[in-house]
Protein chains: 2
Amino acid sequence: MNASPRRKELTRLAAQLFVQEGFDRTTVRMLAQEMGIKSGSLFHHFKDKQEILAAVIEEGTHNALAIAKRSLDESPPSPEARLRAMARAHLETLFTDRNAHVVALFEWRRLDDSAKAHLSHLRDAYEALWVQVIEEALAAGLIHGDRFLISRFVLGALNWTVRWYDPAGPRTPDELADELIAMIMPAR
Amino acid sequence: MNASPRRKELTRLAAQLFVQEGFDRTTVRMLAQEMGIKSGSLFHHFKDKQEILAAVIEEGTHNALAIAKRSLDESPPSPEARLRAMARAHLETLFTDRNAHVVALFEWRRLDDSAKAHLSHLRDAYEALWVQVIEEALAAGLIHGDRFLISRFVLGALNWTVRWYDPAGPRTPDELADELIAMIMPAR
DNA sequence: GTCTATAAAGTGATAGAC
DNA sequence: GTCTATCACTTTATAGAC
């Protein structure tokens with residue numbers, strides 16, 4: 001899509017507000033003020049409010065996918081290390097990267113049908129990465145169970161961290177990720 | 001608080017709409033229509049929209065707490081059985097009971113400060129039940145790690161099921177709960 | 001690319017009759 | 001306890017000047 005640097009910056013600011021207030025409570029006036037322009041000017045960059053949400057979610061999911069792939073590339077090849085890399089990457093996009101991934105996860109239902117159709121393949125690609133890494137861990141006997149169930153439980157546990165975890169606290173995101181992975185692996 | 005049978009019924013219907021549409025997108029007119037009255041009449045039962053949300057969340061958390069306590073009472077005393085009972089009870093309030101618990105979990109931030117203050121003790125009591133049961137499992141050597149971290153990961157995994165799990169599908173909520181507990185327990 | 005001004009519709013809530 | 005009618009305000013979005 002259109003990716004002018006201006007539009008990218010606006011998308012970044014929108015993501016921040018959507019996380020703080022939620023999509024529904026964020027008005028175009030709030031968005032415009034945060035961007036230092038008047039609300040009318042906003043519609044020169046985006047067709048409507050929906051398109052702003054779609055842009056944020058597209059960036060958020062794209063980031064998550066890119067960071068996960070990079071982490072896997074840089075990870076040692078062992079199934080355990082790759083599992084850990086995925087969990088760390090997930091928390092990285094949630095807390096240390098930008099707010100866009102949080103919006104993608106928590107405001108997905110607010111997308112209209114056509115935007116969902118357009119973005120679902122991105123989301124599916126990300127989840128497929130998880131299923132694949134979990135499959136490797138299953139094959140290696142590291143964990144046991146259904147691959148879809150495990151990936152959904154793990155993603156749920158990770159996603160819910162945005163409700164309680166403070167990245168400025170004593171535990172780093174990486175440590176948090178490691179503790180989750182330790183929890184699902186039978187004692188060694 | 002006030003708990004006339006009429007008000008209880010209205011609260012139940014409100015919970016359903018809040019789950020379907022989200023609190024922000026549910027208008028007082030939608031609520032009234034669902035209840036078979038006009039929007040003006042709604043304010044005879046509730047002071048304002050906030051009070052409806054507070055009523056729903058109070059009922060949802062109260063239900064979750066009551067069902068969890070009952071399940072623990074009826075459970076065999078072993079730490080593993082009690083852990084399983086808590087997970088089953090959680091999914092029961094999420095899927096087979098009412099929608100109120102889902103609202104309590106996903107719309108908590110929409111409460112105003114005084115309502116949060118009034119209801120947080122209920123929520124804390126519920127979470128304390130979880131921490132206690134997890135402590136018992138830790139003491140018995142069933143699981144390993146930090147009790148708060150484990151309870152939050154487990155609750156996150158359970159809460160996120162509302163995003164993907166279909167209770168009308170092939171797996172019952174009880175089976176789902178059992179698979180999660182199996183996932184966090186080292187192989188026996 | 002941003003402004004001002006405003007349209008068009010929807011929002012939560014109130015007053016007073018029945 | 002419900003109705004009708006309506007207020008006061010906010011919302012997204014548009015039009016046209018600069």
Side-chain angles (χ1 to χ4, degrees), chain A residues 1-58 103 107-116, chain B residues 1-59 103 107-116 118:
Chain A
M1 290 282 172
N2 177 4
S4 69
R6 183 80 173 120
R7 185 176 154 120
K8 256 212 132 186
E9 170 68 3
L10 299 182
T11 302
R12 198 185 63 79
L13 289 168
Q16 195 183 338
L17 268 176
F18 289 166
V19 169
Q20 262 173 43
E21 304 289 328
F23 174 70
D24 290 327
R25 285 166 110 89
T26 303
T27 68
V28 293
R29 284 169 182 74
M30 292 164 67
L31 288 164
Q33 186 171 33
E34 198 74 10
M35 299 164 181
I37 56 179
K38 300 294 180 182
S39 68
S41 312
L42 204 58
F43 295 92
H44 175 77
H45 301 280
F46 300 93
K47 179 176 137 282
D48 54 20
K49 200 185 163 190
Q50 266 287 320
E51 193 177 286
I52 307 181
L53 178 62
V56 170
I57 290 187
E58 176 163 14
V103 177
E107 306 284 3
W108 178 267
R109 337 189 296 155
R110 300 302 167 216
L111 288 172
D112 59 33
D113 288 343
S114 69
K116 277 200 193 100
Chain B
M1 290 287 168
N2 177 3
S4 70
R6 184 79 173 118
R7 185 177 153 122
K8 256 212 134 188
E9 170 68 3
L10 298 183
T11 303
R12 197 184 63 79
L13 289 168
Q16 195 182 338
L17 268 177
F18 289 166
V19 169
Q20 261 173 44
E21 304 289 329
F23 174 70
D24 290 326
R25 284 166 110 89
T26 303
T27 69
V28 293
R29 284 166 180 76
M30 293 164 67
L31 287 164
Q33 186 172 34
E34 199 73 11
M35 298 164 181
I37 56 179
K38 299 296 180 181
S39 68
S41 312
L42 203 60
F43 295 92
H44 175 77
H45 302 280
F46 300 92
K47 180 176 136 282
D48 54 22
K49 201 185 163 191
Q50 266 287 319
E51 193 177 286
I52 307 181
L53 178 62
V56 170
I57 291 187
E58 176 163 14
E59 202 207 287
V103 177
E107 306 284 2
W108 178 267
R109 341 189 293 157
R110 299 303 167 214
L111 288 171
D112 59 34
D113 288 343
S114 67
K116 276 199 194 102
H118 176 249

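In what follows, chains carry the letters A, B, and so on, assigned in the order in which the sequence lines appear, proteins first and then strands, with residues in each chain numbered from 1.
- Take Ser114(A) and apply the side chain to side chain contact (heavy atoms under 4.5 Å, CB included) test, not counting sequence neighbours, and it matches Asp112(A).
- Taking the charged nitrogens against the carboxylate oxygens, Arg7(A) and Glu51(A) do have a contact shorter than 4.0 Å, which makes a salt bridge.
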Considering only distance and modelled atom types, tabulate donor-acceptor pairs under 3.5 Å from the side chains of residues 12-23 of chain B, sequence neighbours left out.
residue, atom, partner, partner atom, Å
Arg12(B), NE, Glu9(B), OE1, 3.3
Arg12(B), NH2, Glu9(B), OE2, 3.4

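- In this structure, the separation between CD1 on Ile57(B) and CD1 on Ile52(B) is 12.5 Å, given to the nearest 0.5 Å.
- Taken residue by residue, residues 37-55 of chain A places heavy atoms nearer than 4.0 Å to DNA chain D at Gly40(A), Phe43(A), Asp48(A), Lys49(A).
- With sequence neighbours left out, the side chain to side chain donor-acceptor pair (under 3.5 Å) criterion links Asp48(A) to no other residue.
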Show me the side-chain donor-acceptor pairs of residues 27-44 of chain B shorter than 3.5 Å, one per line, residues at least two apart or across chains.
residue, atom, partner, partner atom, Å
Thr27(B), OG1, Arg29(B), N, 3.4
Thr27(B), OG1, Met30(B), N, 3.0

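- Protein chain B touches strand DNA chain C; the 5'-most and 3'-most nucleotides with an atom under 4.0 angstrom of its non-hydrogen atoms are dT11(C) to dT14(C).
- Residues passing the side chain to side chain donor-acceptor pair (under 3.5 Å) test with Arg25(A) are Asp24(B), sequence neighbours excluded.
- Interface residues of residues 12-29 of chain B facing DNA chain D, ordered by number: none; criterion, heavy-atom separation under 4.0 Å.
- To the nearest 0.5 Å, the span separating CZ on Arg109(A) from CD on Glu107(A) amounts to 9.0 Å.
- Between its two ends, the helix from dG1(C)-dC18(D) to dC18(C)-dG1(D) turns its axis by 10°, counting five pairs per end and rounding to 10 degrees.
- Lys116(A) meets the side chain to side chain contact (heavy atoms under 4.5 Å, CB included) test with Trp108(A), Leu111(A), Asp113(A); sequence neighbours excluded.
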